[in-house]
Amino acid sequence: MTIRPMSSGKGFEYLLKSVIVGDGDREMNSPLTRYYTESGNPPGTWVGTGLTSLGDGRSPALAEGDTVTEEHLARLLGEGIHPVTGERLGTRFPKLQPPRERIAARVAQLSPRLQGEQREQAVQRIREEELAKTPRTAVAGFDLTFSPPKSVSAIWGVANAGTQALIAKAHHAAMRDTITVLEQRVAVTRVGRGGVAQMPIVGVIATAFDHYDSRAADPQLHTHVVVSNKVQGIDGRWRTLDSRRLHKAAVALSETYNAFLTDHTARLLGVTWVPVDRGKDRNTGWEIAGVPATLLADFSRRTTGTRDGVEGIEQVKNRLIAEYVAEHGRQPSARTVARLRQQATLETRPAKVLHSLAELTAEWRERATLTLGEDATTWAQHLLDQGATEALLRADDLGLEQLDDLATVVLMEVANRRATWGRWNVHAETMRQLLGVRFATADDRTAVLDQIVSRVETESLRLTPTYDRAVPTHYIEGEGNRFQPVDQIAYSSQDIVDAEQRLLTHSKDETGPALRARLVVRHVSRKIRGVRLDPDQATAITRIARSGLTLDLLVGPAGSGKTTALRALHRAWTAAHGRDSVIGLAPSAAAAEVLGDSLGIRAENTAKFLYEHAKGRWNLHAGQLVLVDESSLAGTLALDRITAHAAEVGAKVVLIGDWAQLSAVETGGAFGMLVRHRHQVPELTDVRRFANEWEKTASLGLRHGDVRALDAYNEQGRLVEGDTDTMLDAIYGAWRTDREEGLRTLMIAGTGEMVAQLNERARADLIAAGRVEAEGVGLHDGTTAGVGDLVVTRLNDRRLTTGRAWVKNGDRWQVSHRYEDGSLAVRRLGKGDQPRGKALVLPAKYVREELELGYASTVHRAQGASVDTAHALVDPDLSSPTSLVTLDGAEDGLRVGGDLGLEGELLAVDLDGR
């Protein structure tokens, strides 16, 4: 389940564009056969217990299952009024005044002393500012989109009508159960000044729209449930839904839907669910057993060729070229051709063509039959016939010992991911851990959930003080009260708190090694590779070298010259303590390799160092300097162990990074904590990477979460917005243009599915251009890699070596040869994405399980990517509470600004102006 805010006005119209115009009622659990032969999707229906609040006290104006009309949506979501009677439901949605009125109001406030040309300039400035403002609209509701895993949609798309009905019934049942959890545990409104207290509500008012397919006409059964922002409190007054709580609970609700779906499909269809590894740093997925990856991949492709009379990209490009010649009387240049092709890519994005379910099913069966090598409908029936019915458990079937074991695992997983957690984090992880168990009813699953959550919270360290004020009896609810609900209580682990305290102690310990002032001055004043240190660099390095702190810090944003400054520190330190007195560490092997190559020192990843140290093989010595790069990505417990060892032997640790950068995948946040507790941290303040002066200032604004920085990017034409499909087309068109002009570009997307789509499109074009072979070896995400393809290794393996270097997670390669057994010969990419060094053979098992195409990457995996230009496609919810992610350049990788207040939109940030 995903969540997307919906604005008032006409934000709901996309739901109606594909709806069949029909009459009559339809139950949500019907086989959808009423509209089987009609083009489009079934009409929406009303859902939610909050519908009773729309009645007159005797009978509801609308009942669950009633058909939603355009007039209903226009009133409820467009104006915030009663969908039938038009009566006010509390305060109307606020609207921005027309530009003329806003301009007049501001002009009237100008000082009377302002006359002549000065007044005209002020009025003109006001006019320009007001006309440039984007009209504001209120949040009318929230689009909760429920989508089952791809294997469910794949079977549903090719199965017979009876099986389709059962799958749809299971999907709707899981959706309803999840909405029940939302109404019982999440949905509230707020009362009092500043929303100081929560108020229970009658229920949510929502509409549900079933959709059959994706924009590419692949099978994708999903339901848009639009929850109205208008809710009635139990006191009878109309207010707005507490959206903060809804967003916090979104992941937990998504995992809840997944779990309920496995139960309903097991009961109705007898299918078995199996875990699917989605790769490093991602939660395990679950799919129906027996559905081949090749079918899932075939049903996840975006076609770009001619279909249903729609021109393909090449056809549109040729037409645009012909129009250019007719207008200008000459052939366009290579650059212009590239731009025209990018325009063609956007123009040929397939619209949401309306087909009947009968037409779609026929096509899906035909495609699947070719992929499977047998009749698709027969295959689906055999798959379901062979399914072994799993035992369905009741809540009391799990003993106390089993519940304790599950709670221990949940607590361990939550603590490994974050330094602090709350109710919804524990809820989500519990549902993940229970996905392998089938329950008889939704009540049984939620009863077990509650028991495990209670155990986890009891074993956690509570950070939020107990509410110590008198509370009216009717404001006390279960475990908490309306002033401090249970989901607002923060927890941590005693181990984490102890580790943080030790790090703070070491950061104040001045008994560590230090250099003499004269030695430091001599080395920071000399040129380094022809470059002299700037004042901020020299000052920062001098303070670190002279401080005597066991644990020191160096903070600097991307492009501030950290590497150059560290070269001076390395030179001074080795002059005093010897050639091998400086070692490097980093959270990832790739980052460690960059650090080692930049400074000419031995460098390793933190996990490897700690593993070898635990075995007694790698130990620090007195006087050594340990440089930990990308420290914001290092886990708190890892930093604690490294620093404790250094303090014990008399070594010094310097953490290098940026508090504004992405935090660790494991429990992190220690770097930012140390920065906040340190007075006058050694910091590099001047950004040196950008050629444009305005961009230096703007990039620092983004770093601090200053929304005004966006104005500068907008004025320079750097911001592009649109829905997911539009942005995928834009990012791909920009990538292709850059590649044709010989630039190095990496596409970045928010999910693995988006990445696979972009990679497949890139590969298809390269095959057409004759640069990549059409045949290849299947990879774990359903894509294919052959000779000429760029690929990325996703698992560290020191056994696979080219001599000096070994295979690391994030390394990029080009395939040079393909062997019959499925193994691939690859060569590492160097500058300009050109292969260098000798070839290395990746075994077939590694290729099959740990290799991906390298034209696009997810946001987190792109951390530290070495590229000259990048177009970042980012979902704001991805990195909450931050909202904007940018790829800032070569060695420093991804940078994250603070909360920029962006909701519900996808942004592409083009940092180099291309």
Side-chain angles (χ1 to χ4, degrees), residues 128-129 131-135 335-336 338-339 341-343 345-346 557-560 658 660-662 687-741 743-750 754 758 856-857 859 862-863 865-876 878-879 882-890 892-914:
E128 292 174 353
E129 289 175 356
L131 291 176
K133 286 183 178 179
T134 302
R335 178 185 292 269
T336 303
R339 297 297 181 189
R341 194 185 193 288
Q342 180 175 344
Q343 180 182 341
T345 301
L346 295 175
S560 59
D658 185 8
Q661 205 163 3
L662 285 175
V687 180
R688 297 165 173 84
R689 175 170 298 151
F690 297 111
N692 300 316
E693 192 64 32
W694 71 266
E695 203 158 6
K696 296 180 182 181
T697 304
S699 70
L700 293 175
L702 288 181
R703 178 173 179 257
H704 289 278
D706 185 352
V707 297
R708 291 172 297 181
L710 290 176
D711 294 336
Y713 286 100
N714 194 40
E715 290 170 2
Q716 297 293 329
R718 300 289 185 87
L719 300 183
V720 184
E721 67 177 335
D723 60 29
T724 304
D725 288 324
T726 301
M727 298 314 299
L728 284 174
D729 285 332
I731 193 175
Y732 180 75
W735 175 87
R736 176 167 179 141
T737 298
D738 284 354
R739 296 288 297 189
E740 290 175 349
E741 296 183 7
L743 299 175
R744 286 187 297 154
T745 301
L746 176 67
M747 294 181 283
I748 304 179
M754 289 182 185
L758 292 169
S857 177
V859 171
Q863 172 67 32
S866 179
V867 295
D868 290 335
T869 177
H871 301 270
L873 173 66
V874 182
D875 186 336
L878 183 70
S879 54
T882 58
S883 300
L884 185 67
V885 183
T886 63
L887 192 60
D888 233 14
D892 288 293
L894 282 173
R895 313 264 321 147
V896 183
D899 187 356
L900 300 175
L902 305 174
E903 273 193 338
E905 297 293 338
L906 294 166
L907 290 176
V909 182
D910 183 2
L911 284 178
D912 72 341
R914 296 197 55 75

Worksheet item: Considering residues at least two apart in sequence or located in another chain, which fulfil the side-chain contact (heavy atoms from CB on, under 4.5 Å) criterion with Asn692?
Response: Trp694, Glu695, Arg718
Worksheet item: How long is the gap from CG on Leu700 to CG on Asp706, to the nearest 0.5 Å?
Response: 10.5 Å
Response to the item:
Closest non-hydrogen contact found for Ile731 with Ile748 is CD1-O, 3.3 Å
Worksheet item: Looking only at heavy atoms, what is the nearest atom pair of Ala709 and Ala698, with distance?
Response: CB-O, 3.6 Å
Item to complete: Answer yes or no: is there a donor N or O on one side and an acceptor on the other, between the side chain of Arg688 and the main chain of Ser560, under 3.5 Å?
Response: yes
Worksheet item: Could you give the distance from CE (Met747) to CE (Met754), rounded to the nearest 0.5 Å?
Response: 13.0 Å
Worksheet entry | Validation row: Leu758, Trp735 side chains within 4.5 angstrom (heavy atoms) | no
Discussion item. Please determine whether side-chain contact (heavy atoms from CB on, under 4.5 Å) holds for the pair Thr697 and Val687, giving the CA-CA distance in whole Å, both sets of side-chain angles, and the decisive distance to 0.1 Å.
Written reply: CA-CA 9 Å; Thr697 304; Val687 180; over 6 Å; no
